[in-house]
Every structure is written in C-alpha cells, then in structure tokens.
K.L.:
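This is the structure I want to talk about, given as structure tokens.
Here is how names work: the chains are called A, B, and so on, in the same order as the sequence lines, proteins then strands, and each is numbered from 1.
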Amino acid sequence: MLKAMLGEAWLAMGANRLRTALTMLGMVIGVGAVVIMIAIGQGAQYAVQQTISTMGSNLYIVLSGSFTAAGVRSGSAGGPTLNVGDAEAMAELDGVSNVAPTHQGSRQLVYGSQNWSTQVIGTTPPYLDARAWNIVNGAAFGDSDVRSSTRVALVGKTVAQNLFGDEDPVGKTMRIQQNPFTVVGVLGSKGQNLDGRDQDDTVIIPLSTAQRKVFGTPFLGSVRMIMVQAESAEAMPQVERGIISLLRQRHRLREGAPDDFFIRNLSAAAESEAETTRTMSVLLGAIASISLLVGGIGIMNIMLVSVTERTREIGIRMAIGARQKDILTQFLLEAVMISFAGCLLGLLLGLGIALGINFFTGMVVVISGSAALVAFAVAATVGIFFGWYPARKAAQLDPIEALRYQ
Amino acid sequence: MTEPVIRVVGLGKSYETAAGLFPALRGVNLEIRPGEYIAIMGPSGSGKSTFMNLLGCLDTPTIGDYFLTGSNVAHMDKDALAILRNRTLGFVFQGFNLLPRMSLQDNVALPLVYAGADKETRRAAAREMLDKVGLGKYAESLPSRISGGQQQRVAIARALVNRPRLILADEPTGNLDSHTSEEIMRLFGELNAEGITVVLVTHEQDVAAHAKRQVKFLDGEIVSDHLTAEVA
C-alpha cells in the first residue's frame, strides 16, 4: 500500500516538474545554507581547540605577589614570595599531575656568526609534560641536569631556523649571556598561541642554570611563576583550593591577611575563547535555519495549491474507497518526498560549497555526519509539519462536494 | 423471499439554501432484491441523483434508514462508508471520472490499492476486468488516448474490480452517443445476467427500457414503480 502510494507521489511530482523543482529549490537552499554554516562554524571551533591544545590543558599559573618598596608597588610576580619548595609541596596535592616552577626572560643567543633574541625559559622537566610539548630531535634534559645546573638547552623550531639554519642544532654549542650551552634537543612545533605570539620562538633550559647563570636571582630557589597542571578538568576547582590553602599555610599568612600570590586559570581564558566560537556557530546555524523555514513554507504553499487543483481527483479517490487516512498519507508523502529530495540535493550542494571554501580560501571546515543527520531529520520534520495542514484539508473534503468541483 | 440488497425506509435529505431548508428527498421507501436491474427515472430536480448518492454511500441522509446488505449504513462515519464504497458496491459516473495521469490498468486497479491488495493481485485483477470489458490491449494507455465509450467501459471495469454484487450508475450514458450508449447498456445487461444487481439513473426512456424494473421520481418522491414489461 505504502509502496503503491510512493509510486503515486512520484507520479504527481513528475506531473508538474517545474513547480516541484522550484519548491524543492527552497529546501535545497535552506539545507545547503545550514550545512555550510555548520561546517564553517565547526571549522572555527576546531581551529580554536587546536590552538588551545597547544597550550596544554587544565593549567594553572601561580605567580608571586607584588611587594611595595618605598611606596613603589611592583606588579604581579614582582616579589620573591614563591620558591622551589612551594612547587615541590604542590606536586604532592591530590589531583595535581605536573608542577613546574619557571623563570623566564628575554635574552640574546649567539651561535657562530648568527645571533637571535628570544624568550628563555628556565624550568624543570615536568614543564614539557604540562604543556604537552614533544621533542622531535635529540632528548629532553632530566632532573639531574636541574640539580647540577648543567648548561644544556632545548630550542624551539623558530630559534633553530634562525640560529642554525640548515644545520642540525643537536650537539652544537651556543652562547646565552656569554655562557656556553649545549643544545640537546629540538622542540616540536606548536604554532601561535591565542595572543598570536610564536610559541616556537623559545629556548628551554634547567631552572637552576637559568637562575645561576642567566637571570640571577635575589634568593636562590625563589621563583616568580609555577605552572600547575590538574589531572582533569573536574579536578581543577579542588586543585585551586588545595594550592591556596597550601601556600597560605607555607607562607604563614594569618586569617584575613591577603594572599601573597596570584593564581590564574589558563584554561578558563581558553574556554571563553572556545565559547565565543561556539556561540558564533550556533548563530550562523540559526540564521541558516530561517531559510529552511522559508523553504518549508514554500512546500506548504504549493501543497495547498495542489490540493485545490486536485479536488476532483480526491473526490474520485474517495468515491472508490479511499479513507481519510489514505488521502492524508498520499499528500503527506508528497510533501515529505519533496522535502527529502530537496534535503539530499541541499546536502550535496552544501558539502560541495564547503569543500570549495576549504579548497580556495584554506579556511578550516569540519563536515560531520551528525550535522548531515540533523539536516535530514529537520527536512523530514519540515515536510511533515508543513505538509500536514494541506493534507488534512484534502482528507476532510466531502466526497460529493469534491466530485462536483470543476 | 431473499434478503433485499437495498432497503430504504423513510429516507429524506434536505439541503440548506438561501431560501431555507430545501427537501430534495421526502421519505422514500424502496426495496431492491439481489439480481434486480432497476432504472431510476425522473426529470432534473426530481431527487433521483440525490437518491443515487445516498445509495452509493457518498452522502448521508437527513432522516430515515438505509439497509445495505442487511446493515444500517445511514449514520455510519466517513471511513466506514469509504470501506463500503470500496468493497460492497461499484459506482459508475456520468463523466467517467478516470484519473488522467494513470494508465487504464492503474485506474482499474486503484480500488484494490485502498483494499490493501499487493501489486501482483492488483495487476492480475485489473487485466482480467479490462479483458472483460474488451479493452485489455489498451491496458498501458492513458485515458485521453481512448474514446468516451471506451473510457466508460474502463470505469465499469474499475467498479467491478473488487467484485461487488451491486453496481450503481448515475447517468452512465449521459455523455455518450446513442450507438455507444447501446454498447454500454448491453454490458450492464451482461453483468446483470451474471447475477450482479444493477441500479442506474437515467432520464432517457430508451436507456431505461433495458432495465427490468423502472422507478419514477418526481419532487423527491417515488411516483411509480413498475416492471418494464408492464410499462411497455
């Protein structure tokens, strides 16, 4: 029965090809727009997430507090309130996976006749784990290098290119602040961070070496910044509370006294960025959905015309035994078929344009099966929703009245 | 005595008009037995078409009862009436009423679609009925490719496809010339000879003469009811 009706719906669609095609076009454009917008929106989300993942996930940065000397207040991380002992204690907290005290600054590097100014980071091995930074060539330095303040360095890709050119940096000796450093490894590329700064323009050396030979320090063992990574996003609030109470206790702060450190959630900033792109993609999808709605109204309009035109046919069908349900099914099926065919074409069109955008502009687009499924479900819903009223109108016709219609 | 196929008791139908309620049919009583061949006659406005629509379950009466094969269908709902139209009776119209976009075979098979028959059954039954009315070789043609008389034969084949014991025809020769009319009437005669009850509406005496019994309507009432043999 349904098969016979599908055949009839096909016949009816074929009887008025131009009209069917134009009605379908509404759906094609609607679905196509939704697919393109979702592809672009998800592409933007994907790009942001890629950038975020290069920063490392679930990170906190603890900075030493400001201090005031002769009425002049230093900014954050100005005072020597944090030390390596704090970092070691933090590593014992529940939910903490990596802790890396760091000391960083800008220094001039020299290798042969080349020189290059870059950011030098003095830290401990867990830093690489916290930031999910791999070594593409050579090897990382270990805890023993930190303990004995050896002069070894890991170089970022940008530094390697500018200082060493085509040479393999591993095993070469370069100078930082007149001190010779042996390059033991080259860092994997991370690209730009959210601020647009080149993360590969950096050199990483052991913390103790940095403090003794490169930056100098007011108290040996004091640090300005400690990077802390939580085991999971869920563990982050607990880790934050743990750090605060631990540091207050270690620094012997009385109740009511202000913290002598700052704690910043890097992930929160990244999340807000991700949230922005999510909102944007939802907005794009919503705007595109309007065209889907307009397409649906087009279907309803044509189905209403079709019911009026075919009143006599409906009368004949009723006279030979079609029940209300049969007529309803017939017209609903026609609406859904137009909607589905339009959806399928729209899907193909949307995919084609999305791939075209990717090919010609290099913009990241993400084509997901779920988006296509959603578009299909929406098209079926639109077909049923906007086909229902005309179909019901047809089914409720009186057979005698319908037969008399000319 | 056999159970009547059709028994109407005090059947009345009124229409709302600008001038008030107009009674098109006023308390009609009639019995039709299996195998009868009846012509319903009368001038236009006599109520014969209204009566036919009621018999054909296309319309419901304002008052009275209509027993079709024993059950009262006067106040059944739309879907129940649709099933009766599909299975119990076949209806033939003055204007043939074939669907123009479908082949003759599909037109004939259409009642079977609503009866829920499968494709093979539909095809076979439609072929058989088209052969019966002598149009089997045009099965794949569209209605517009054949003459009016042939179209009416197809319509009769469609009315027969669910094998009803009752055929109702409303002015079946109204759109045909006298020669073609004769052919159609001969076909009804053959069907009647097979035992199918035939009720047709006409205002032409020549056509009515083919029937065995003639019932005359005037102003919504039956004014005469005779066997054709008696009229002649």
K.L.:
Hey, which of B:L110, B:I83, B:D59, B:D118 has the most heavy atom pairs under 4.5 Å with chain A?
P.N.:
B:L110
K.L.:
If I measure from the heavy atoms of chain A, does B:L81 come under 4.5 Å with its side chain, its backbone, both, or neither?
P.N.:
neither
K.L.:
Would you indicate whether the side-chain heavy atoms of B:V154 and B:L135 approach each other to under 4.5 Å?
P.N.:
yes
K.L.:
Is there side-chain contact between B:I156 and B:L160, with at least one heavy-atom pair below 4.5 Å?
P.N.:
yes
K.L.:
For the residue pair B:K132 and B:E194, establish whether any side-chain heavy-atom pair is separated by less than 4.5 Å.
P.N.:
yes
K.L.:
Give me the atom names and distance for the closest heavy-atom approach of B:L104 to B:Y138.
P.N.:
CD1-O, 3.3 Å
K.L.:
Measure B:R158 against the heavy atoms of chain A and call it side chain, backbone, both or neither at under 4.5 Å.
P.N.:
side chain
K.L.:
Are there residues of residues 293-319 of chain A that reach to under 4.5 Å of chain B by heavy atoms, and which ones?
P.N.:
A:R310, A:R312, A:E313, A:I316, A:R317, A:M318, A:A319
K.L.:
Check whether the ring centres of B:F217 and B:F51 lie less than 6.0 Å apart, and answer yes or no.
P.N.:
yes
K.L.:
Side chain, backbone, both or neither: which part of B:K78 has an atom under 4.5 Å from a heavy atom of chain A?
P.N.:
side chain
K.L.:
Checking A:Q45 against A:S281: is there a side-chain donor and acceptor pair closer than 3.5 Å?
P.N.:
yes
K.L.:
With only heavy atoms counted, which part of A:E401 is less than 4.5 Å from chain B, the side chain, the backbone, both or neither?
P.N.:
neither
K.L.:
For B:Q94 and B:N175, does a side-chain donor sit closer than 3.5 Å to a side-chain acceptor?
P.N.:
yes
K.L.:
Would you say B:D177 and B:T180 are linked by a side-chain donor-acceptor pair, where the criterion is simply a distance under 3.5 Å?
P.N.:
yes
